[in-house]
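One structure is given here, and the rest of the page talks about it.
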Amino acid sequence: MDAMRPSPHLFENMHMAAPTIICSSTATNAMVSFLTMNAVTVSCSNRLSSKHSASKRMMPGRSFMVAILTFTDGIQHCFDMFVALLPKGLYSPWDFSIWMVSIKNAVSEKMVGKTVQVRGWVYRTRSSGGIAFVVMRDSTGIAQVTVKKGSVPDEDFVSATDNGIESSAIVEGTVAEDKRAPGGYEIRASRFILVGKAEPFPITEYQSTELLLDLRHLWIRSREQTAIMRIKDSLLRGARNWFHENDYTEVTPPIITGVAAEDSTSLFQIKYFDRIAFLSQSAQFYLESLIFSCDKVWALTPSFRAEKSRTPRHLAEFWHLEMEAAWLTNEENMQVQEQMVTAMLHNVADECPDELAMFKRDPAALKKIVPPFDRMPYGEAMQYLQGKGFDMSWGDDLGAVEERELTKDRTIPMFVVNYPKELKPFYMKENPDDPRTYKNSDLLAPEGFGEIIGGSERETDNELILERLREKGEPLENYSWYLDLRRYGSVPHSGFGLGTERIVTWICGLDHIRDAIPFPRTVSRVFP
RNA sequence: GCCGUCGUAGCUCAGUCGGUAGAGCGUCCGCCUGUUAAGCGGAAGGUCAACGGUUCGAACCCGUUCGACGGCGCCA
């Protein structure tokens, strides 16, 4: 059984207590219970190690990838029991005689000369009679696996040469430094076990937008799409952490609703039992209700817009990050926005330098984005654009072209504040310094990108709200509960909504917002 | 809602003046023990988006429909 015991010096630079057992598996409830009962500490050895505490990821039923299990005592006994708990049929005894590592960890200096096992998918295959070069990928990276005839069982050599792109496989081999290998390291295989042989993969090196959208469920395996998802994950964690640290309560507003938050935007209608309801286009009204108990709230929910938009900035379904707080002025609202956005950007700069590099985005440059952001009144923006030759006057909206002009030479986001009332929805608070305008702001991302946040102080005077609703011909009964909020202990309050996919699109420099979400919903796309 | 572009092999595309279908990649078969989007030899693979019209003859010209993509507006 000594062969099954990992050599203790392998992870010596990872500050792990010896003895350790390394395995890769999917955690089952039984396994997690076992680990807990035996006071086993668990750490992840892949890229998650520095960013996530293993305890958070080891909740019952959650999966984990590569774990280092440090048993407090009785290692062999624990190991045997642990193996007995593993899902049947997935593991053969030799699975545990070598080091199961992520591909990124496998092809590295510290593993040279070590025998490793990696699991992943075939990225590319080249074979030449007696030798095959199989580039494998997993969630952490890619590595060339060299498979020589005679160095592996015959059936393994067949597997290495006769598979398709995206076949899944388990590879065992020795890590070697080799200048001829992409990246400088390769795995010289002693086993190559095909787990799931892939049919000819429909995505080849020539790809059209249309094909990639039709095969979205397969295209999201690409390295670029994977990096985008990681960046989105990191940006959202940055926001969530910021809200938590600043005493905001995360709340869960409804998705099905009976009222339009912004009259101008069309809603998706759904059949709701024996009547009609709508998919929410904003949680704002519900968040406004919740500030009376929670004071400062935020939510991340899908929002739906039935506009037949055909632009690189719009989705029919997007993830809306919204915040609302009592006693908050619009100036304070903007301070929240610039601090939260900064937290998002700094978090992704810390967590995702490799992913950002794929999009030529410099983490150090993101770190230079700090509050305060410029605040430019609408009137001033108008004058600036007129000076640039734009033929427009007071009351004209800032469209994509105008926002591009305002931000193209900037590296830090900017606010445009106090828009004319006719351009914005009824619930905003009148600006006492210029009653033609509201106390509102749009946050424009730099580099010509444009709007990522819209926010405002909210109107608290029901008479003014009713007047505006009547002007727009809105059925007042839809707003009865919203008006109630002003009847029982109304307070000044403000909030905003951020388009999650918009900030991802900006940070990654994407051509189109649909790549900022795994399964984009647009006017022409609901499949896959 | 408005403006524009495009539908030819599994994929990316070419197809001249209207004369009956081409390439590369992929796939399949064979060769090759250091490939880097490997290479070499061979093979299979098409209702030219659909429908209608003009013509002796249509992938090509005309019309309609469908689908997709690009831009504007709406917004986040």
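Order of the sequence lines sets the chain letters (A, B, ...), proteins ahead of strands, with each chain counted from 1.
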base_contact_polar ([N] base, [X] side chain, donor-acceptor, <3.5 Å):
{"X": "A/Arg310", "N": "B/G70", "value": "yes"}
{"X": "A/Glu186", "N": "B/G34", "value": "yes"}
{"X": "A/Gln207", "N": "B/U12", "value": "no"}
{"X": "A/Arg502", "N": "B/C75", "value": "yes"}

Please report, rounded to the nearest Å, how far the C1' atom of B/G73 is from the CZ atom of A/Arg404.
->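 Taking atom C1' of B/G73 as the reference, CZ of A/Arg404 is at 14 Å.
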
Separation of A/Arg514 atom CZ from B/C69 atom P, in whole Å?
->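 These atoms are roughly 6 Å apart.
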
From [options], nucleotide with atom closest to [X] side chain:
{"X": "A/Arg124", "options": "B/A76, B/U35, B/A37", "value": "B/A37"}
{"X": "A/Thr209", "options": "B/G34, B/G73, B/C69", "value": "B/C69"}
{"X": "A/Ala400", "options": "B/G73, B/G70, B/U27", "value": "B/G73"}
{"X": "A/Arg305", "options": "B/U35, B/A76, B/U12", "value": "B/A76"}

Say we look at [N] and [M]: how far apart would their [atom1] atoms be, to the nearest angstrom?
{"N": "B/G57", "M": "B/G39", "atom1": "C1'", "result": "45 Å"}
{"N": "B/G63", "M": "B/G26", "atom1": "C1'", "result": "38 Å"}
{"N": "B/U64", "M": "B/U54", "atom1": "C1'", "result": "15 Å"}

A/Gln144 near the nucleic acid: base, sugar-phosphate alone, or nothing, with a heavy-atom cut-off under 4.0 Å?
->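 Base, at least one base heavy atom under 4.0 Å.
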
For A/Ala381 and A/Val416, work out which heavy atoms get closest and say how close.
->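 Smallest heavy-atom distance, with atoms named: CB-CG1, 4.5 Å.
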
Return the 5'-most residue of the pair A/Asp442, A/Gly130 with respect to RNA chain B, ranking by each residue's nearest nucleotide.
->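 Closest to the 5' end, via its nearest nucleotide, is A/Gly130.
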
So, do A/Phe318 and B/A76 meet the stacking rule of ring centres under 5.5 Å and planes under 30°?
->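 A/Phe318 ring centre within cut-off of B/A76 base, planes near parallel; stacks.
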
Any A/Lys149 side-chain nitrogen or oxygen under 4.0 Å from OP1 or OP2 of B/U33 =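 Answer is no, no contact under 4.0 Å.
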
